[in-house]
Amino acid sequence: MAIHIENARPEDKPAVIALLRQGQLLTDDLPTDLSDFLIAKEQNKVVGVAGIERFGAIGLLRSVAVDPDFQGRQIGSQLIGRLLDTASARELADVYLITTTAEQYFGRHGFLPVDRLDAPLAIQATSQFSGLCPASAVVMKRML
């Protein structure tokens, strides 16, 4: 079956939460409307998700997850690529992310580790940075 990527809608939130929980990712601070989130579907099943939060000229890539049964098919890479293309088109200068387990994966997408204290204040003020993710989490940046 073919995988297709589309903008997430509010009614997709339960499936997105289930997928994120399956990947042991945060769900507490998901936006209600899932604006700026993409989902990958096979037929009607959500098999991948990724989102970006915008803070002026910077963004926070978050909630990147792919159903284990669909990993290895470049779904995450497609989601990330589309989000970065959109971020660039919207003239974001930099995109950050916070990870505890996927530093090498995101490194393959052009993200580089940065010191937590060098992250912009808008990123430091997010609930992911300031409390939901542990202080040991790696902060990464990609310039667009």
Show the nearest heavy-atom pair for residues [X] and [Y], with the distance to one decimal.
X      : Y      : result
Ala125 : Ser130 : O-OG, 4.1 Å
Leu19  : Ala65  : CD2-O, 3.9 Å
Ile75  : Gly48  : CG2-CA, 4.4 Å

Distance in Å, Asp118 CG paired with Ile123 CD1, rounded so as to fall on 0.5 Å steps: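 Taking CG in Asp118 and CD1 in Ile123, the distance rounds to 13.0 Å.
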When rounded to the nearest 0.5 Å, the distance separating OG1 of Thr99 from CD of Gln128 is 10.0 Å
Excluding sequence neighbours, so at least two apart, what forms side chain to side chain donor-acceptor pair (under 3.5 Å) with [X]?
X      : result
Gln104 : none
Asn7   : none
Glu42  : none
Gln74  : Ser77

Is there a side-chain contact between [X] and [Y] in this structure, where contact means two heavy atoms from C-beta onward sitting under 4.5 Å apart?
X      : Y      : answer
Asp115 : Leu117 : yes
Ile39  : Ile5   : no
Ile58  : Val95  : no

Where at least one partner belongs to residues 60-69, residue pairs that pass side-chain hydrogen bond (donor to acceptor under 3.5 Å, both in side chains), sequence neighbours excluded: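 Only Asp29-Arg62, Lys45-Asp67, Glu53-Arg62 qualify under side-chain hydrogen bond (donor to acceptor under 3.5 Å, both in side chains).
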Return a table of donor-acceptor pairs under 3.5 angstrom between the side chains of residues 8-17 and protein atoms on other chains or two or more places apart.
residue: Arg9; atom: NE; partner: Glu11; partner atom: OE2; Å: 2.7
residue: Asp12; atom: OD2; partner: Arg9; partner atom: N; Å: 2.8

Using only atom types and a distance under 3.5 Å, with no angle test, would you say the side chain of Arg116 pairs donor to acceptor with the backbone of Ser136? no
Is a side-chain donor or acceptor of Gln124 paired with a backbone partner of Ala119 at a separation under 3.5 angstrom? yes
Could you list the donor-acceptor pairs under 3.5 angstrom formed by side chains in residues 137-144, with sequence neighbours left out?
residue: Arg142; atom: NH1; partner: His109; partner atom: O; Å: 2.7

I need the full list of ring pair (Phe, Tyr, Trp, His ring centres under 6.0 Å) pairs touching residues 35-78, with sequence neighbours left out, sorted by first then second residue.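 As it turns out, there is no ring pair (Phe, Tyr, Trp, His ring centres under 6.0 Å) pair with a partner in residues 35-78 once direct neighbours are skipped.
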Linking I/L/V/M/F/W/Y whenever their side-chain heavy atoms sit closer than 4.5 Å, directly or via other members, would [X] and [Y] fall into one cluster?
X     : Y     : result
Val46 : Leu30 : yes
Leu61 : Leu38 : yes
Leu97 : Ile80 : yes
Leu26 : Leu20 : no

Do you know which of Phe106, Tyr105, Tyr96 makes side chain to side chain contact (heavy atoms under 4.5 Å, CB included) with Phe111?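 That would be Phe106.
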Side chain to side chain contact (heavy atoms under 4.5 Å, CB included) with [X]: which residues, sequence neighbours excluded?
X      : result
Leu112 : none
Ala50  : Val64, Leu79, Leu83
Asn44  : none

Kindly state each residue pair satisfying salt bridge (Lys or Arg N to Asp or Glu O under 4.0 Å) with at least one member in residues 77-91, sequence neighbours excluded. Asp36-Arg90
Output, in order, the C-alpha distance, side-chain angles, deciding distance and verdict of side-chain contact (heavy atoms from CB on, under 4.5 Å) for Val47 and Ile3. CA-CA 9 Å; Val47 298; Ile3 302 292; 4.0 Å; yes
